[in-house]
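Some notes on the structure that comes next.
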There are 2 protein chains.
Amino acid sequence: MATPLPVVGEPRLDLPAPDVTDATALAALLADRTRAGILRMLADGPHCVCEMAAALGERDNNVSNHLARLRDAGLVRAIRHEANARFLYYERDEAAVAVARERLLAVLG
Amino acid sequence: MATPLPVVGEPRLDLPAPDVTDATALAALLADRTRAGILRMLADGPHCVCEMAAALGERDNNVSNHLARLRDAGLVRAIRHEANARFLYYERDEAAVAVARERLLAVLG
DNA sequence: ATGACATATCAGCCGTCCGTGTGATGTTCA
DNA sequence: TGAACATCACACGGACGGCTGATATGTCAT
């Protein structure tokens, strides 16, 4: 804690800019109802695209679009169903999600 | 934990939609470089608008705009400087920030 | 093989939000 | 009182992102 109460002197105009690029990128991913819903559903275990699309009331291709964003960010992973290979199940990468949590807490913490 | 591994049966199309409205609203606030920088700077103590604008390399009115968004969300609070009343200092509402953390962890947790 | 289903990818439209400019309000100091 | 400064409130232009529709790929059943 540097300055718990308002200062008495003059404003300091030479303060460094905090680096929040990681946090904003992650927040942008969470700032969408569909993507946040996906991440929340996958917290309880894997789900296929059609399941999540039905639950969220969105179309399959739309959900697939958002899953691609989450996949590019490394937050989720796709796995083929052994018995029924036409269903593509998604699961969370818990290690990556843990890193995401820390990066957000670097701003809100 | 409901289903740790991919299921063998058919997809369930009757799953409930998770409620993520609080989380997405908060994430939208964090998904901006200026707002995230403000919240990060205020974690170390109060700052006036001109200080944060200088540090973030943004104009005063722009920072003021974003502060209004954070103020409407209840995350920050404005306090007049006793000695120098022309400077308006902002501080975080730590209780509200704690609630914000929990709401985000409801999705990422 | 053919058709039906699940998912992926791409292009285009459209809404929303960010940054800016301007004027108004309030505070300090001469 | 008047000038300079800090902040706010509002409206405008542009860029970014989400939804959609069409098309493509791969899988299962008949």
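Convention: sequence-line order gives letters A, B, ...; per-chain numbering from 1.
The residue among A/Asn62 and B/Pro11 whose nearest nucleotide of DNA chain C lies closer to the 5′ end is B/Pro11. Residue-to-nucleotide proximity on DNA chain D shows that, of B/Asn65 and B/Asp60, the 5′-proximal contact is made by B/Asp60.
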Donor-acceptor pairs under 3.5 angstrom involving side-chain atoms of residues 97-109 of chain A: please list them, not counting sequence neighbours.
residue	atom	partner	partner atom	Å
A/Arg101	NH1	B/Leu108	O	2.6

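The side chain of A/Arg59 lies closest to D/dG21, out of D/dC19, D/dG21, D/dC5. Taking every side-chain heavy atom of B/Cys48 into account, D/dT7 is the closest of D/dC28, D/dC8, D/dT7.
Relative to the axis of its first five pairs, the axis of the last five pairs of the helix from C/dA1-D/dT30 to C/dA30-D/dT1 sits at 30°, rounded to 10 degrees.
Look at CG on A/Leu56: it is 15 Å from P on D/dG18, rounded to the nearest Å. D/dG21 atom C1' lies 15 Å from atom CD of A/Glu58, rounded to whole Å. Whole-Å rounding puts the A/Asp72 CG to D/dG17 C1' distance at 15 Å.
Protein chain A contacts DNA chain C over a range whose 5' and 3' limits, counting nucleotides with an atom under 4.0 angstrom from a non-hydrogen atom, are C/dC5 to C/dC10.
The shortest distance between the side-chain N/O atoms of B/Arg80 and the OP1/OP2 oxygens of D/dA6 is not below 4.0 Å. For the pair A/His66 and D/dC19, the criterion of a side-chain N or O lying under 4.0 Å from OP1 or OP2 is met. The phosphate of D/dC8 (OP1 or OP2) has a side-chain N or O of B/Tyr90 nearer than 4.0 angstrom.
Side-chain contact between B/Phe87 and B/Cys50 is present, with heavy atoms from C-beta onward closer than 4.5 Å. Proximity of B/Thr34 to B/Met52: side-chain heavy atoms (C-beta onward) are nowhere separated by under 4.5 Å. Looking only at side-chain heavy atoms (C-beta outward), A/Arg35 and A/Leu30 stay at 4.5 Å or farther from each other.
The residue B/Arg69 sits close only to the backbone: its heavy atoms come under 4.0 Å of sugar-phosphate atoms, none of a base.
Results of the side-chain contact (heavy atoms from CB on, under 4.5 Å) test with B/Arg77 over B/Arg71, B/Arg92, B/Glu91 single out B/Glu91 as the only residue that passes.
Checking side-chain atoms of B/Asp93 against main-chain N and O of B/Ala95 turns up a donor-acceptor pair under 3.5 Å. Of the possible polar contacts, none joining the B/Ser64 side chain to the B/Asp60 backbone as a donor-acceptor pair under 3.5 Å is found.
A donor and an acceptor atom, one from each side chain of A/Asp22 and A/Thr24, are nowhere located under 3.5 Å apart.
Hydrophobic clustering places A/Leu56 together with A/Leu70 (ILVMFWY residues linked when any side-chain heavy atoms are closer than 4.5 Å, directly or through intermediates).
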